[in-house]
Amino acid sequence: MLQTQKNDRIARLIMHAVLGFACFLCLYPMLLTIGISLTNEREIVLNGYHVIPRDFSFEAYRVIFDKPAALTSAYWVTLRVTFFGTLLGTWFMSMAAFALGRRDFGWRKPITFIFLFTMLFDAGIVPTYMLITQYLRLQNTLLVLFLPIMITAWHTILLITYMRQLPFELIESAKVEGAGEFYIYTRIAVPLAKPALATIALLLALRLWNEWFSALLYINERSLIPLQFWMQRVMREIQFLLDFEDQMGGGIDLSQLPTETARMAMAVLAAGPMMFIFPFFQRYFARGLQVGSVKG
Amino acid sequence: MATAVTEIQTTLQRSSLRKRRFQRNMALLVLTLPALLVLIVFKYLPMGGLVMAFKNYRPLLGIFGSPWNGFDNFVFFFRSALIWQVTRNTLLYNLSFIVLTPIVAVTFAIMMYEIATPFFIKLYQTVLFLPFFMSWVVVSIMLFALLNSQNGIFNQLLMNLFGLQPVRWYTEPGVWPPIIIFAYLWKTAGYSTVIYFAGLMGIDPTLFEVASIDGASRMQRIFRITLPLLSPLIVIMAILAIGRIFFADFGLFYQLPLQSGPLLPTTDVINYFTYRALIEIRDYGMAAAVGLYQSLMGLILVIVTNFLAKRVSNGEQGLF
């Protein structure tokens with residue numbers, strides 16, 4: 001008995017060590033990035049990167065916020081895209097999932113298959129690109145940044161799994177009292193499915209917040225450039241200037257500009273806001289992310 | 001007489017029942033329409049555009065007006081030396097993701113389940129999930145902090161700790177496969193861990209109690225109960241991933257190597273190839289042909305794996 005207790009303690013210790021080390025690996029690059037962004041540029045040239053700044057400085061952030069027009073415009077685009085995309089996407093998908101999770105919906109199998117098939121076969125970017133640019137003419141619109149990606153079969157399936165577990169008697173009795181399907185969806189299903197809705201809303205918000213590929217393909221209007229894409233372009237410009245300086249032997253004096261720290265500060269600004277929302281959603285995850293049978 | 005009346009009554013009842021059922025189906029169908037419409041426009045309509053793969057696309061003539069050219073686009077693309085390199089890279093990377101993700105994520109999920117202390121579960125789950133919040137653009141900047149040749153942490157470690165020569169990471173293709181694989185796991189393993197953990201939460205805990213009363217050890221419990229119960233979920237996730245095996249995560253391969261040319265032998269993938277054909281060379285026909293090749297191969301693989309999964313498990317497992 002004592003032996004098994006001792007073994008048990010060792011096993012727990014090993015598991016904590018493994019998970020703890022994995023957590024360290026997850027956190028280290030993030031902490032390093034934050035650390036560098038808060039360090040004086042000169043200190044980095046002299047002593048390299050450190051997680052804890054030796055010479056603390058807000059210089060990088062000051063430089064970025066010095067001319068904030070492009071940054072605020074990018075934030076504003078991303079905020080709107082994330083807001084509308086998350087709202088509409090979660091609404092449409094949960095409504096569909098409510099219907100497809102119902103055992104008394106006679107057509108649920110073929111319709112579920114229409115969703116599922118999009119995960120198995122994808123026309124690829126070329127036909128989609130042609131459709132959006134030649135036929136729908138959605139290039140350089142806000143819509144193109146969220147409409148094509150806000151509905152996914154995967155998220156719908158996660159929602160169906162949850163909706164299927166809702167008490168069917170409740171829906172039945174509401175129908176007996178004459179409630180319509182939309183009424184039942186809003187008044188009964190939505191409140192009960194809160195964990196799943198919160199989880200999907202977060203995943204969707206995350207995807208929209210981090211989206212840059214649609215912008216790479218469809219956006220060249222300055223006022224419609226989203227945050228991640230703007231950041232990627234600035235990075236390229238910095239790199240271009242640095243290479244240029246290397247080749248030309250210092251035609252432009254870049255040593256005054258905090259390029260190293262500014263890069264990291266930008267990463268912090270781009271990723272930061274999402275990190276603050278996360279804790280509010282986290283408690284729903286274990287229930288909201290259950291994958292049930294997809295077969296319907 | 002009496003039987004005729006009841007017959008009429010039952011037919012009436014039946015038709016009203018059928019009518020009610022039809023009305024209910026219609027009402028529920030309406031609820032699925034908004035989502036369905038978006039999918040039809042953005043996922044199904046482009047499938048029609050795949051005919052471009054067999055056409056010599058001329059912008060002025062449009063997709064359907066352009067002349068057919070049979071399999072010319074495919075011939076051109078299969079003859080290019082790059083195709084084997086990008087296909088090999090895409091398949092090998094995705095294969096290693098398909099194998100490694102469940103190994104890492106299921107291990108983490110089971111460990112969290114075994115630890116069972118709410119505080120630690122929450123802590124580990126949160127921290128492991130955090131990298132999933134970063135876009136590939138942000139990850140590429142973080143990676144730059146580790147790899148750049150002047151101050152990068154890796155070179156600092158190599159020089160100061162091991163006394164080795166610094167490596168020029170962004171021009172050295174040989175070092176990238178492990179970097180790509182690690183970066184992918186770093187970003188996505190937490191998400192998969194939470195999915196498997198959610199799967200474990202759905203298991204009836206009395207099963208474990210019975211097992212421990214019967215004197216099963218922790219390892220026996222994990223291998224005899226936990227893993228078999230998780231296997232349907234693992235199979236579903238694997239089949240879905242196999243369907244995407246010809247599609248690379250574009251951001252991973254486009255952003256992390258900072259589009260560095262010398263790295264292409266180990267970081268170029270089919271999607272990047274298509275992207276260049278579409279945006280840089282503007283060879284729409286060939287780009288569409290590559291897309292069709294990716295999708296068809298994926299679909300065939302899904303059907304085959306699903307069939308095999310069903311066969312092996314006597315019809316209990318599989319996606320559809």
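Keep in mind it's a predicted model, so treat the numbers as computed, not measured.
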Exercise for the section: Supply the atom-to-atom distance B/Leu128 CG to A/Cys26 SG, rounded to the nearest 0.5 angstrom. Expected result: 5.0 Å

Practice task
Would you check if the side chain of A/Trp107 reaches a backbone N or O of B/Leu29 as a donor-acceptor pair within less than 3.5 Å?
Solution key: no

Handout entry: B/Ser295 side chain vs A/Phe121 backbone, donor-acceptor pair below 3.5 Å
Key = no

Exercise for the section: Report the C-alpha separation of A/Arg12 and B/Thr117 in whole Å, then their side-chain angles, then the decisive distance to 0.1 Å, and conclude whether the side-chain hydrogen bond (donor to acceptor under 3.5 Å, both in side chains) test is met. Expected result: CA-CA 11 Å; A/Arg12 289 181 74 87; B/Thr117 327; 3.3 Å; yes

Exercise for the section: Determine whether A/Thr128 and B/Leu45 make a side-chain contact, defined as any pair of heavy atoms from C-beta on separated by less than 4.5 Å. Expected result: no

Problem - Residue selection (most heavy-atom pairs with chain B, distance under 4.5 Å) from A/Gly124, A/Ala270, A/Ala22 - result: A/Ala22

Practice task
Decide whether a cation-pi geometry holds between B/Arg24 and A/Phe105; the criteria are a distance under 6.0 Å from NZ or CZ to the six-membered ring centre and an angle within 45° of the ring axis.
Solution key: no

Completion exercise
d(A/Met130 CE, B/Leu50 CG) to nearest 0.5 Å is 12.5 Å

Fill in the blank from the handout: A/Leu120 and B/Val302 have their tightest heavy-atom pair at CD2-CG1, 3.7 Å

Practice task
Classify the angle between the aromatic ring planes of B/Tyr275 and A/Phe213 as parallel (below 30°), tilted (30 to 60°) or perpendicular (above 60°).
Solution key: tilted

Completion exercise
Output for pair (B/Ser140 OG, A/Arg263 CZ), nearest 0.5 Å, gives 9.5 Å

Completion exercise
In short, B/Ala287 meets A/Val126 closest at the heavy-atom pair CB-CG2, 3.2 Å

Practice task
Would you mind reporting whether A/Leu32 and B/Leu146 have side-chain heavy atoms less than 4.5 Å apart?
Solution key: yes

Completion exercise
Between the CD1 atom in A/Ile14 and the CE atom in B/Met111, the distance rounded to the nearest 0.5 Å is 8.0 Å

Exercise for the section: Check the angle between the aromatic planes of A/Trp212 and B/Tyr254 and answer parallel, tilted or perpendicular using the 30° and 60° thresholds. Expected result: parallel

Practice task
Give, for atom CG of A/Leu147 and atom CZ of B/Phe42, the distance between the pair rounded to the nearest 0.5 Å.
Solution key: 4.0 Å

Completion exercise
CG of B/Leu31 to CE of A/Met95, rounded to nearest 0.5 Å, is 5.5 Å

Problem - For chain B, the option from A/Pro29, A/Ala153, A/Gly89 that forms the most heavy-atom pairs under 4.5 Å - result: A/Pro29

Handout entry: Exercise: identify the closest heavy-atom pair between B/Pro131 and A/Met30
Key = N-CE, 3.6 Å

Exercise for the section: Identify which part of B/Leu36 has an atom lying under 4.5 Å from any heavy atom of chain A, answering side chain, backbone, both or neither. Expected result: both

Handout entry: chain B interface, residue from A/Phe98, A/Phe113, A/Phe115 that has the most non-hydrogen pairs under 4.5 Å
Key = A/Phe115

Practice task
Give me the ring orientation class for A/His16 and B/Tyr124: parallel if the planes are under 30° apart, tilted from 30 to 60°, perpendicular past 60°.
Solution key: tilted

Handout entry: Ion pair A/Asp122/B/Arg244, N-O distance below 4.0 Å
Key = yes

Practice task
Count the heavy atoms belonging to other residues, nucleotides or ligands that lie under 6.0 Å from CH2 of A/Trp154, then report whether that count exceeds 12.
Solution key: yes

Handout entry: Note, A/Phe92 side chain near B/Leu39 side chain (heavy atom, < 4.5 Å)
Key = no

Practice task
Please examine the side chains of B/Phe108 and A/Val18, heavy atoms only from C-beta on, and report whether any two atoms are closer than 4.5 Å.
Solution key: yes

Handout entry: Least distance between heavy atoms, A/Gly106 atom then B/Asn25 atom
Key = N-OD1, 2.9 Å

Exercise for the section: Sort out for me which of A/Trp209, A/Tyr185, A/Tyr129 touches chain B most, counting heavy-atom pairs under 4.5 Å. Expected result: A/Tyr129

Handout entry: Any side-chain heavy-atom pair of A/Met274 and B/Phe132 under 4.5 Å
Key = no

Completion exercise
With chain B, the option among A/Thr156, A/Asp104, A/Leu203 that has the most non-hydrogen atom pairs under 4.5 Å is A/Asp104

Handout entry: Engaged part of B/Met237 at the chain A interface, taking heavy atoms whose separation is under 4.5 Å
Key = side chain

Handout entry: Side-chain touch A/Met231/B/Ile141, heavy atoms, less than 4.5 angstrom
Key = yes

Problem - B/Lys122 portion near chain A, given a 4.5 angstrom heavy-atom threshold - result: both

Problem - A/Leu202 side chain near B/Phe133 side chain, heavy-atom distance below 4.5 Å - result: yes

Problem - Residue among A/His50, A/Glu211, A/Lys175, A/Met264 with most heavy-atom pairs under 4.5 Å to chain B - result: A/Met264

Practice task
Check whether any side-chain heavy atom of A/Phe229 sits under 4.5 Å from a side-chain heavy atom of B/Val137, and report yes or no.
Solution key: no

